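The block underneath contains the structure these notes are about, expressed in structure tokens.
Keep in mind that this is a model prediction, so the values were computed, not measured. FYI, the numbering just counts along the sequence from 1.
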Amino acid sequence: MKKTVFKLTLTLFAALMLTGCEKDEEDSIKIADSKKTLEMHAVVNNSLETTMQVKNSWTAKSDARWLNVSPAKGDAGENITLTLTTTQTNRTKATRTAKVTIQSGGETKTLTVKQRADYAIFDKDQYELTAAGGTLDISFKTNMNEGDIQLYSTEGLEEWVLAPDNRTRAEKTMKFVPLNVVANTSRDGRDGALFLALNDEKGNPMPLDTLWIHQDGLNDGYVSTDYSEDGKVTVLQKATVGKGIPFVLMGDGFTDLDIQDSTYVTVMRRTMENLFSEEPVRSLREYFDVYMVNAVSANNYFTEQSQTVFSCLPDNQSTEISSDAGQISQYLRKVEGIDSLNALAVVVMNTHIYKGVTYLFSNHPKPGLKQYAVALFPVINNLESETFRSVAVHEAIGHGLAKLADEYAHDEQGAATDDVLTQLRYMHSYGWMKNVDSEEDETKVLWKSFIGDSQFLNEKIGVYEGGYTYFKGIYRPSDDSMMNRSTSPFNAPSRQFIYNKVIELGEGRTPSYDEFVAFDKQHKPQTWDYSTRSPLYRSPWQRPVKGCVVMK
């Protein structure tokens, strides 16, 4: 009797399987992971992929602000890849669930996605030490197992902040990391950070929390006495084509000693080379006048009590930098005969922290739109750092010269509001920030000319959701670019905006699309695989630098 039941059960199971397979063949949507719950880490920017087969055009949408799905729509096809990305860190301390809905041909299917609630939080945000150094007992709280957490540092920190051994010891949810800080024998202060992270499936660290460490230099507290070189102008480069587009370089937090020992001019010359390191400005360098203006600060550090010539002050909670815009303008005008309304001021801070911001000054809709901008950033990590180079290009060339928008999104930003969209359209009326759009139709988007153009197929120009710091409602031309993570070249639409801006300012005319394409064919970036570019140290805890702030 048992044997008969067993046979009947198998027969019924086989029939059900056959029926199910026949139904699947009729489905217009087949998703590889539709029958299971996908699990993601608690951290922001954690991504996973799933594939699907769709017989008709389709749309995909997440019902949660913390989860983005890309692309959001597409045509029929096989092996279509959907990328799911967390847009926020889960700080609720409880697992949360989202549904991704795919619709096609009147059929709807869903994916279930859970975000874990793992956390690790330092007990302090920042430590400040004297030049003598000392010992730090770093503690943090976590709900994870000891072996799951990795401790990382910024580039160079391991040279002066040393762990006695590689072990940590656990005490309930507390962990302690004893660190020895080496005495600082240089006259300059130094900065770095530790961050707690999870490793993803590929071994890449995903950030959980950050701890800043600052150590004074021997001369912290030094006050300049010699201001005789202050305001002196040096021509670093003169244009050989066009009327000369002015770049004015100056520094904040550099003392008279930095002027005397050539530290100042060394930093400015390195900054100039960084600005011309990326196409298309690399091949358009002959259009630019570059000046250096000496700016002597009383102090070489940045606090609310310090005295620096441009009053730059980093924001501890973001990558923004406040400054005295009027003072910057005064030093810019020390360059005789400069067209100050169409100049780019580049202010380099004498510190190695990771910050960056650009201020654009507008008089729209009055005639004669101003092009004046101020880009501010530190000597991030060191003079030879790839991060210093890429942030300089992102801020000064991308935002300051070409008036491009950021192509990334912040974890706290969800969908762009109506006010944001109105603001973006206002920027577009200037001719600014046209590398992002609220339009998602590839036949109407601002960079539609590049989509499908065979000369740009390797760049995969399309319509990607996320940009202008918002994850939803704003679209960008490429998955990555200089205006996104700063680890790739400028994408083709951005290169066109830069090329057009240089020709407009340098020659007084607007080039055609065909003219740009011909130029770009001869001067394309060296590679579009950013993994093969110069090694970039950008810690996972670092958020993209702040974009630009429009001042009226």
Test log, rule side chain to side chain contact (heavy atoms under 4.5 Å, CB included), inputs Q496 and K501: CA-CA 8 Å; Q496 182 192 27; K501 185 66 66 175; over 6 Å; no
Intermediate values then yes/no, side chain to side chain contact (heavy atoms under 4.5 Å, CB included), D63 and T101: CA-CA 8 Å; D63 68 352; T101 303; over 6 Å; no
Worked check of ring-ring contact (aromatic ring centres under 6.0 Å, His included) between F276 and F288: CA-CA 10 Å; F276 293 114; F288 293 89; 5.4 Å; yes
S488 vs D480, side chain to side chain donor-acceptor pair (under 3.5 Å): CA-CA, chis, key distance, verdict: CA-CA 6 Å; S488 291; D480 194 20; 3.0 Å; yes
From CA spacing to verdict: side chain to side chain contact (heavy atoms under 4.5 Å, CB included), K434, F497: CA-CA 8 Å; K434 287 191 171 182; F497 295 134; 3.5 Å; yes
Worked check of side chain to side chain contact (heavy atoms under 4.5 Å, CB included) between T510 and I503: CA-CA 7 Å; T510 301; I503 300 303; over 6 Å; no
Residues S47, T83; criterion side chain to side chain donor-acceptor pair (under 3.5 Å); working and verdict: CA-CA 7 Å; S47 295; T83 301; over 6 Å; no
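Scored by the side chain to side chain donor-acceptor pair (under 3.5 Å) test, K99 finds T112 as partners (sequence neighbours excluded). Among residues two or more places apart in sequence or in another chain, the side chain to side chain contact (heavy atoms under 4.5 Å, CB included) test is passed with E515 by Y499, R509, P511, S512. The salt bridge (charged side-chain N to carboxylate O under 4.0 Å, His left out) search around E442 returns none, not counting sequence neighbours. With sequence neighbours excluded, no residue forms a side chain to side chain donor-acceptor pair (under 3.5 Å) with D437. By the side chain to side chain donor-acceptor pair (under 3.5 Å) test, N500 pairs with no residue at all, sequence neighbours left out. Remark: E384 pairs with R270 by the salt bridge (charged side-chain N to carboxylate O under 4.0 Å, His left out) rule, at least two apart or across chains. For the salt bridge (charged side-chain N to carboxylate O under 4.0 Å, His left out) test, no residue two or more places apart in sequence or in another chain qualifies with K444. Residues meeting the side chain to side chain contact (heavy atoms under 4.5 Å, CB included) test with S277, sequence neighbours left out: R389, V393. Residues passing the side chain to side chain contact (heavy atoms under 4.5 Å, CB included) test with V517 are Q455, F456, Y513, sequence neighbours excluded. With sequence neighbours excluded, the residues satisfying side chain to side chain contact (heavy atoms under 4.5 Å, CB included) with R116 are E39, H41, D118. When the side chain to side chain donor-acceptor pair (under 3.5 Å) test is applied to T443, the partners found at least two apart in sequence or on another chain are D441.
Taking a cutoff of 4.0 Å between a charged side-chain nitrogen and a carboxylate oxygen, K460 and D479 do not qualify as a salt bridge. A salt bridge does not link E273 with R282: none of the charged nitrogens is closer than 4.0 Å to a carboxylate oxygen.
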Scan the side chains in residues 66-73 for donor-acceptor partners under 3.5 Å anywhere in the protein, sequence neighbours excluded, and list what turns up.
none

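Considering CG of L211 and CD1 of I121, their distance stands at 13.0 Å, rounded to 0.5 Å. Atoms CG and CG, from L38 and L111 in turn, are 6.0 Å apart once rounded to the nearest 0.5 Å. In this structure, CD in E278 is found 8.5 Å from CD1 in I498, a value given to the nearest 0.5 Å. Note that NE2 of H399 is 8.0 Å distant from CG of L360, once rounded to the nearest 0.5 Å. Note that CD of E440 and OH of Y475 are 3.5 Å apart. Values are rounded to the nearest 0.5 Å. Rounded to the nearest 0.5 angstrom, L404 CG and W432 CH2 are separated by 12.0 Å.
Looking at heavy atoms from C-beta onward, V281 lies out of side-chain contact with L275 at the 4.5 angstrom threshold. M349 is listed as a side-chain neighbour of I321, based on a closest heavy-atom distance under 4.5 Å. Residues Q115 and T95 fail the side-chain proximity criterion, which asks for heavy atoms closer than 4.5 Å. Counting heavy atoms from C-beta on, the side chains of Y408 and T469 come closer than 4.5 Å. Side-chain contact check for N79 versus T81: every heavy-atom pair is 4.5 Å or farther apart. With contacts defined as side-chain heavy-atom distances shorter than 4.5 Å, the pair Q53/I80 does not qualify. Using a 4.5 Å heavy-atom cutoff, the side chains of I245 and N342 are not in contact. Within the 4.5 Å cutoff, no side-chain heavy atoms of H352 are placed close to those of N381.
A distance-only check finds a donor-acceptor pair linking the side chain of W447 to the backbone of G462 [under 3.5 Å]. Without hydrogens or angle criteria, E465 side chain to G473 main chain gives a donor-acceptor distance under 3.5 Å. Checked by atom type and distance alone, the side chain of R476 never pairs as donor or acceptor with a backbone atom of G467 at under 3.5 Å. Checking side-chain atoms of K55 against main-chain N and O of I29 turns up no donor-acceptor pair under 3.5 Å.
Heavy-atom minimum distance, A120 versus I149: CB-CD1, 4.1 Å. Nearest heavy-atom pair, V54 versus N56, reported as atom, atom and distance to 0.1 Å: CG1-O, 2.9 Å. A405 and M433 get closest at one heavy-atom pair: CB-CB, 3.7 Å. Here the closest heavy-atom approach between residue G398 and residue M483 is recorded as CA-SD, 3.7 Å. The two atoms that bring I380 and F388 nearest to each other are O-CB, 3.5 Å, heavy atoms only. For the residue pair Y354 and V391, the shortest heavy atom distance occurs at CE1-CG2, 4.0 Å.
Under 3.5 Å, the side chains of Y468 and E407 contain no donor-acceptor pair of N or O atoms. Under the 3.5 Å distance criterion, with hydrogens and angles disregarded, a donor-acceptor pair is assigned to the side chains of S283 and E279. Between the side chains of D33 and T50, at least one donor-acceptor pair of N or O atoms lies under 3.5 Å. For the residue pair S494 / N491, a side-chain donor-acceptor distance below 3.5 Å is found, with atom types taken as modelled. Counting only N and O atoms by type, the side chains of T358 and E395 include a donor and acceptor under 3.5 Å apart.
Classification of the F519-H523 ring pair by plane angle, with boundaries at 30° and 60°, yields tilted. The aromatic rings of F450 and F516 lie perpendicular to each other, with more than 60° between the two planes, well past the 30° mark.
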